[in-house]
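What follows is a single structure, written as structure tokens, with notes after it.
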Amino acid sequence: MKIERQLLKGTAPIAVLSLLAERPMYGYEISKELIQRSKELLSLGHGSLYPLLYNLEAKGHVQAKEECAENGRPRRYYHITQSGTKHLTQQRQHWEQLQQGMHNLLQSSPQELHS
Amino acid sequence: MNTQLPCEITTYIDTIIHHARCNQDDKNAIRQELTQHFEEIYANVTAPNAQELIQEFGNPKDLAKLMTRGKCRVQNNTALNTSGLYGLSIFLFLLFCAIVLGGRILPFINLPGLVLSIALPVCLGVSSYGPTCFKTLWKLRLIFYTPAIHETQNSDIKILKGLIQLSYASAAMSALVGSIHLLYQYNPLHVSQSLDEMILNHYGIVFLVQFILLSLLYALILAEVILRPAIKRIQFHLNKTNKETSIHTDRIASLSKI
């Protein structure tokens with residue numbers, strides 16, 4: 001089962017930043033990791049990934065650097081910046097609160113809601 | 001390029017680039033990144049279907065819009081783009097014309113007549129710097145952004161690009177000198193006696209404003225055309241040196257193992 005694209009839209013920057021917080025990655029690697037780590041639940045379209053990365057770059061959350069891979073292929077690696085780490089921490093807190101709120105809401109029985 | 005991409009993919013990338021509304025450097029960066037992405041897919045996935053990949057990526061026009069939006073934000077954080085500078089120069093020129101010909105400064109005098117009788121002889125001699133400068137800049141820009149020059153890695157072409165950048169600088173400098181000359185002609189600080197000189201003083205203020213705005217404009221052109229590519233080149237060379245150093249270190253490490 002895949003998550004709806006609209007639902008994923010708001011979480012995509014946090015997902016990408018959390019991956020980049022571990023190590024610098026290039027575009028294709030990010031999309032592959034996202035699918036693998038989320039056990040194919042989160043799949044960000046390849047087309048939406050690059051505009052998202054450019055937006056994060058514009059906001060100063062990530063920084064792109066051209067580097068040469070082991071196989072000699074040139075790759076554009078994205079590194080998380082200090083501002084990106086700060087933003088990720090904030091967003092994580094918000095996400096946890098939202099998760100808790102939704103959990104409470106969905107777990108409460110209809111009787112409790114009426115009372 | 002290690003992997004030869006199918007025709008559909010290259011056409012798809014070309015369409016995105018065609019619809020992207022950003023400067024040539026950014027277009028090249030997007031093209032490079034997308035090409036690398038597809039190359040990675042072709043290197044890692046067994047028998048990928050080009051049509052499916054294209055469908056997965058989405059509509060090229062929409063993608064180009066999103067890419068442009070992202071890239072424009074990057075540009076806005078660093079400097080005004082070149083087309084923005086041209087837009088600004090046209091706006092300033094129109095504003096200047098509106099102020100002078102609209103007669104807001106001296107409403108009791110026939111301004112068009114004065115412009116013709118006073119400014120025109122001077123303009124013929126001196127202020128032709130401005131149009132000449134912009135014409136030169138435009139021509140040079142066309143040469144500078146020719147894809148053939150950008151895509152070639154030949155060192156001669158690099159020298160040519162350097163020369164073009166120098167010409168840009170000299171054109172901008174000559175325009176700046178022209179503006180200073182104009183300012184000197186209509187010096188607002190000069191103590192005037194006659195009506196003619198008083199009129200000239202009013203024009204002096206206009207020209208002072210024009211001078212400041214033009215100086216700002218030329219500074220931006222210089223920053224855009226000279227400094228930004230220079231910084232990029234320095235960064236590129238630094239990256240190259242780092243890569244070379246790491247390659248040497250690896251070689252030394254492998255030799256020491258042997």
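Just so it is clear, the model here is predicted, and its values are computed rather than measured. Chain A is the first sequence line, chain B the second, and so forth, proteins listed ahead of strands; every chain is numbered from 1.
Of all heavy-atom pairs spanning A:Arg75 and B:Gln36, the tightest one is CA-OE1, 3.7 Å.
Applying the 6.0 Å contact sphere to CD of A:Gln82 captures no more than 12 heavy atoms from other residues, nucleotides or ligands. Crowding of B:His18 atom NE2: a count of heavy atoms from other residues, nucleotides or ligands under 6.0 Å not exceeding 12.
Remark: B:Leu66 CG to A:Tyr50 OH distance equals 14.5 Å, nearest 0.5 Å. The OG atom of A:Ser48 sits 11.0 Å away from atom CG of B:Asp62, with the distance rounded to the nearest 0.5 Å.
Residue contact with chain A, scored on non-hydrogen atoms closer than 4.5 Å, involves the side chain of B:Leu34 exclusively. No part of B:Leu53 comes within reach of chain A, as not one of its non-hydrogen atoms sits under 4.5 angstrom from that chain.
Of the N and O atoms on the side chains of A:Tyr28 and B:Glu33, not one donor lies less than 3.5 Å from an acceptor on the other residue.
Close approach to chain B, defined as a heavy atom under 4.5 Å from one of its heavy atoms, is seen in no residue of residues 87-97 of chain A.
Scored by the ring pair (Phe, Tyr, Trp, His ring centres under 6.0 Å) test, A:Tyr78 finds no partners at all (sequence neighbours excluded).
Contact annotation: the side chain of B:Gln32 never approaches that of A:Arg76 to less than 4.5 Å [non-hydrogen atoms, C-beta and beyond].
Aromatic ring centres of B:His37 and A:Tyr26 lie farther apart than the 6.0 Å criterion allows.
Between B:Glu40 and A:Lys32, no side-chain nitrogen of the basic residue sits less than 4.0 Å from a carboxylate oxygen of the acidic one, so the salt-bridge criterion is not met.
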